[in-house]
Amino acid sequence: MSDAIRKGKIDTLHGDINYPAFMPDATYGTVKNTSFAQLKSAGINELVTTTLHIEQKIGSEYLRDYGGIHKFTGWDRPILTDSGGFQVFSLIHRRANKQNKITDAGCSFIDPITGKYNFLSPESSQIIQHNIGSDMRVVLDEPLIESDSLSSIKRSVSRTTEWAKRSKKAFLNELGLSENDFDNPDIKRPLLVAVIQGANNMEYRKRSAMELMEIGFDIYGLGGMPLKTKKTWDLTDQGGFHKELLHFLAELIPQDKIRYALGVGTPDDLNFCVNNGWDIFDTVLPTRNARHGYLYVHKGEGDASFEHYDVLHIKSERYKFDDRPIDSQITYPGTENISRAYLRYLIKNKSAIGHQYATLHNLGFYGEIMSKLRSA
RNA sequence: GCAGGGAUGGCGGAGCGGUCAAACGCACCAGACUGUAAAUCUGGCCACGUGAGUGUACGGGGGUUCGAAUCCCUCUCCCUGCA
């Protein structure tokens with residue numbers, strides 16, 4: 001049992017990450033509606049961005065020629081790039097299109113905006129991430145949904161392992177390094193993340209983890225995310241399987257390796273995961289939900305209650321005449337003197353500044369959670 | 001004054017004899033969202049009822065018809081041509 005919260009530093013090319021840490025998703029190279037200065041004020045020190053979105057909107061070769069994403073954006077702290085695997089997966093499950101498919105070679109898909117055919121392989125994903133110039137890079141993997149069959153799980157796990165091998169090779173190749181260089185602590189390089197698959201199947205999760213550890217990576221991620229189910233990570237009311245799985249997997253990963261729960265999670269999820277040995281996280285919840293008027297507040301402050309927090313549906317009529325601050329127990333930087341009634345009006349009218357206040361609030365809340373966990 | 005056109009639910013706007021409590025938008029109400037292709041999506045939105053359903057409704061009044069928001073007459077108001 002590893003009940004103690006793990007704490008430490010991840011040494012990256014752009015400074016340390018003090019974990020446990022939450023990294024917001026800056027999908028298009030920006031955390032929507034916020035400035036970097038505001039992010040830092042909210043206690044955010046590292047970002048996640050995605051290869052496919054960056055490739056489409058900015059262009060990885062352009063970024064390479066420009067001097068990398070840090071120079072381009074001015075963000076001088078750690079950046080993690082996701083492989084694009086989840087985006088393709090999401091695209092395939094959300095938008096039926098005969099040309100959207102995954103084979104051993106890689107992922108084929110139609111860009112929903114340009115309508116153009118695209119192909120993403122483990123190698124091309126690494127090349128794009130290298131051109132972007134990120135500090136942490138993720139191998140291309142094949143996520144599944146909860147309802148996928150055992151044969152799909154088998155295929156996903158073996159394909160993810162094969163792709164991880166190819167990814168590592170491409171990763172080293174781009175850096176001009178050899179296999180042996182990977183484990184040489186004197187060589188400073190970006191960190192490489194492998195993603196464990198296996199859906200809800202313990203046996204295959206373990207197999208996936210073991211196969212990936214055999215190859216050797218810096219960070220091991222929890223992948224998969226059953227998209228189609230509710231309350232995904234806390235399934236105590238449906239058998240309690242995921243908590244068990246998260247605990248089980250954290251135990252499997254070596255102590256000196258970083259554990260990254262991709263796409264996790266709610267404040268309760270973060271508390272649970274950190275207390276069970278997971279180190280770093282990213283999710284769109286605080287930013288997307290902010291735009292939708294779903295605010296995270298301290299217990300007793302909202303209209304819906306969860307284990308460690310409340311939720312305040314700011315668009316609700318119940319806040320029309322509420323002149324109190326968003327959360328009476330704390331005000332996060334950038335949201336001073338904003339009443340619930342005013343924020344309600346702003347969000348209902350899709351105001352950009354309203355989105356900003358709400359985003360700063362939610363990120364402040366997430367920042368506070370992680371800060372407390374780090375000092376617990 | 002003459003000749004046309006029009007008045008539909010909070011607003012805009014379909015419908016032009018039955019399948020209309022009335023398309024679609026907006027506004028409004030509620031909810032969802034977990035490696036963001038989501039500033040999105042889902043449901044509700046005349047009244048009463050949990051519900052099946054019942055009752056009122058398409059400017060006012062009166063007709064025709066088994067049956068009208070839809071056809072006819074008339075009144076009120078609005079817009080467009082001509083004087």
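Note on naming: letters A, B, ... go to the chains in the order of the sequence lines (proteins, then strands), and numbering restarts at 1 for each one. Only heavy atoms go into these numbers, but all of them, side chains included; no hydrogens, no water, no symmetry mates.
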Among all residues two or more places apart in sequence or in another chain, which pass the side chain to side chain contact (heavy atoms under 4.5 Å, CB included) test with [X]?
X	value
A/Ala304	A/Phe306, A/Val311, A/His313
A/Asp16	A/Lys9, A/Asp11
A/Asn118	A/Phe109, A/Asp111

State which of B/A37, B/U34, B/A32 makes the closest approach to the side chain of A/Thr283.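 When the side chain of A/Thr283 is considered, B/U34 is the closest of B/A37, B/U34, B/A32.
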
Under a 4.0 Å N-O cut-off, is there an ion pair linking A/Glu162 with A/Arg159?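 Answer for the salt bridge query: no.
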
A/His308: ring-ring contact (aromatic ring centres under 6.0 Å, His included) partners, not counting sequence neighbours: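 Expected list: none.
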
By a strict heavy-atom criterion of less than 4.0 Å, which residues belonging to [range] are in contact with RNA chain B?
range	result
residues 316-324 of chain A	A/Ser316, A/Glu317, A/Arg318
residues 338-351 of chain A	A/Arg344, A/Lys348, A/Lys350
residues 45-61 of chain A	A/Thr50, A/His53, A/Gln56
residues 117-140 of chain A	A/Val138

Kindly state whether the ring of A/Phe365 and the ring of A/His298 have centres lying under 6.0 angstrom apart.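 So the answer is yes for these two rings.
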
A/Arg189 versus A/Phe182: any side-chain heavy-atom pair under 4.5 Å?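 Heavy-atom side-chain distance check passes, below 4.5 Å.
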
Between A/Arg207 and A/Tyr204, is there a side-chain heavy-atom distance shorter than 4.5 Å?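 Side chain of A/Tyr204 against side chain of A/Arg207, heavy atoms only: contact under 4.5 Å found.
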
Please state the C1' separation for the pair B/G63 and B/G55 - nearest whole angstrom.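 One C1' to the other, the span is 25 Å.
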
Using atom C1' in both nucleotides, what's the gap between B/A14 and B/A30 to the nearest angstrom?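 28 Å, rounded to whole Å.
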
Strand RNA chain B in bracket notation, Watson-Crick/G-U under 3.5 Å with | for pairs to another chain: ((((((((.[[[..)..(.....]]].(((((.......))))).(((....)))...[[[[[..)....]]]]]))))))).

side-chain hydrogen bond (donor to acceptor under 3.5 Å, both in side chains) involving A/Arg288 - partner list, sequence neighbours excluded: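 In terms of side-chain hydrogen bond (donor to acceptor under 3.5 Å, both in side chains), with neighbours along the sequence ignored, A/Arg288 is linked to no residue.
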
How is A/Asp82 classified with respect to the nucleic acid when contacts are heavy atoms under 4.0 Å: base, sugar-phosphate, or nothing?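 Touches a base.
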
What's the CG-P distance between A/Leu270 and B/G35, to the nearest Å?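 Checked: the CG to P distance equals 12 Å.
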
For atom OH of A/Tyr366 and atom P of B/G35, their distance in whole Å: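 Interatomic distance, OH of A/Tyr366 to P of B/G35: 10 Å.
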
How is the hydrophobic cluster of A/Ile353 composed, in terms of its other members, when Ile, Leu, Val, Met, Phe, Trp and Tyr link through side-chain heavy atoms under 4.5 Å apart, directly or indirectly?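 A/Leu295, A/Val297, A/Leu312, A/Ile314, A/Tyr319, A/Ile326, A/Ile338, A/Tyr342, A/Leu343, A/Tyr345, A/Leu346, A/Ile347, A/Tyr357, listed by chain and number.
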
Which other residues end up in the same hydrophobic cluster as A/Leu360, if Ile, Leu, Val, Met, Phe, Trp and Tyr are linked when side-chain heavy atoms come under 4.5 Å apart?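 Other cluster members: none.
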
